[in-house]
Amino acid sequence: MTSTTAPRVPRLVPSMLAVLLLPAMGLVAGCGSGSGVAPTTWAKSVCTALSPWRSTLATLTDSTQAQLTSSTTPAQAKENLVGLLSGAETASETARRRVADAGVPDVDGGRDIADRFVASLRTARDAYARARGAVAGLDPVDAQVFYSSVATAFDQLQRDYAASALDTDKLSSEPLRKAFNEVPECH
């Protein structure tokens, strides 16, 4: 790959990771309601679910960036990108299931908070699936067209991923904020 055939792809892969790591880190919720999982237990479960997700995405991103900046053919780049996106999709689904399994935090609005976490990860998973499908469907014969189309697919991925971000202003809760700040698994 040359800088003229794929000028944007190496920059898009790491920026995707930056977009990925934002939604889950600042999430917090309301006050206790008497039912559900203790805030510290829920925060620990959520952070434990998200830690391998972030690690997997970082590893996949680093690996793909290294492969894309090395001398690869468009067909090799396509294979690498489809692998990255498939891995990110799988990691997002695993994190989604684990966050869903964490239950509902015992805070005001706990059900809504838990649902928003799960929905955010579902939307991220689906964004990766769409991007994977888009890249898998590209013909790598014409390098310029291929890399331009990859850039378009990653631009759409970033827009889709941004739509998955939670509005943390609507999820503020002192008990969860405290739990996320105190639980070692969240640091």
Open item on the list: Strictly distance-based, threshold 3.5 Å: is any side-chain N or O of S92 a donor or acceptor partner for the main-chain N or O of A88?
Closed with: yes
inquiry  = Does this structure show an ion pair linking R97 with E93, if we count only N-O contacts that are shorter than 4.0 Å?
reply    = yes
Handout entry: Electrostatic pair R122-D126, nearest N-O below 4.0 angstrom
Key = no
ask   = Less than 4.5 Å apart, any side-chain heavy atom of D106 and any of V37?
value = no
A102 and S45 have their tightest heavy-atom pair at CB-CB, 3.6 Å
Is there a salt bridge (charged side-chain N to carboxylate O under 4.0 Å, His left out) between D155 and R159? Walk through the geometry before answering. CA-CA 6 Å; D155 287 344; R159 285 190 298 277; 5.2 Å; no
All heavy atoms of V135 vs all of A153, minimum pair found to be CG2-CB, 4.0 Å
Value for NZ (K178) from OG1 (T40), rounded to nearest 0.5 Å, stands at 9.5 Å
> Which is it for T94 and W53 under the side-chain hydrogen bond (donor to acceptor under 3.5 Å, both in side chains) test, yes or no, and what are the steps along the way?
Replying inline: CA-CA 8 Å; T94 300; W53 177 62; over 6 Å; no
Exercise for the section: Would you indicate whether the side-chain heavy atoms of R130 and D160 approach each other to under 4.5 Å? Expected result: yes
Item to check | W42 vs F117 side-chain heavy atoms within contact, under 4.5 Å | outcome: yes
On a heavy-atom basis, the closest approach of L138 and A134 is CG-O, 3.3 Å
Query raised in the report: Run the side chain to side chain contact (heavy atoms under 4.5 Å, CB included) check on D142 and F146 step by step: do they pass?
Result: CA-CA 6 Å; D142 182 330; F146 172 75; over 6 Å; no
Notebook entry, point to check: Got a donor-acceptor contact below 3.5 angstrom from the S55 side chain to the S51 backbone?
Noted result: yes
Handout entry: Any donor-acceptor N/O pair, K78 side chain to A136 backbone, under 3.5 Å
Key = yes
Report task. Report yes or no: does S120 contribute a side-chain atom to a donor-acceptor pair with the main-chain N or O of S164 at less than 3.5 Å? Result -> yes
- Are I113 and V183 co-members of a hydrophobic cluster defined by side-chain heavy atoms under 4.5 Å apart? no
- Item | Residues N80 and Q76: side-chain donor-acceptor under 3.5 angstrom | no
**OP:** Look at the side chain of S148 and the backbone N and O of Q144, then say whether any donor-acceptor pair between them is shorter than 3.5 Å.
**Re:** no
Residues R125 and R96: closest non-hydrogen pair is NH1-NE, 3.6 Å
Hey, does P105 have a side-chain heavy atom less than 4.5 Å from the side chain of P39?
no
Do V118 and F180 share a hydrophobic cluster, counting only Ile, Leu, Val, Met, Phe, Trp and Tyr and linking them when any side-chain heavy atoms are less than 4.5 Å apart?
yes
Next on the checklist: Would a single hydrophobic cluster contain both V104 and V46, if residues Ile, Leu, Val, Met, Phe, Trp and Tyr are joined by side-chain heavy-atom contacts under 4.5 Å?
Outcome noted: no
Output for pair (T90 OG1, L60 CG), nearest 0.5 Å, gives 9.5 Å
For this session: Answer yes or no: is there a side-chain heavy-atom contact under 4.5 Å between L121 and L50?
Result: yes
For A95 and A49 the tightest heavy-atom approach is CB-O, 3.9 Å
Nearest heavy-atom approach of L84 to T61 is CD1-N, 3.6 Å
Review point. With the threshold set at 4.0 Å, does a side-chain nitrogen-carboxylate oxygen contact exist between R111 and D115?
Key: yes
(request) For salt bridge (charged side-chain N to carboxylate O under 4.0 Å, His left out), just list the numbers for E185 and K44, CA-CA rounded to whole Å, side-chain angles, deciding distance to a tenth of an Å, and then say yes or no. (result) CA-CA 6 Å; E185 290 80 2; K44 177 180 178 178; 3.8 Å; yes
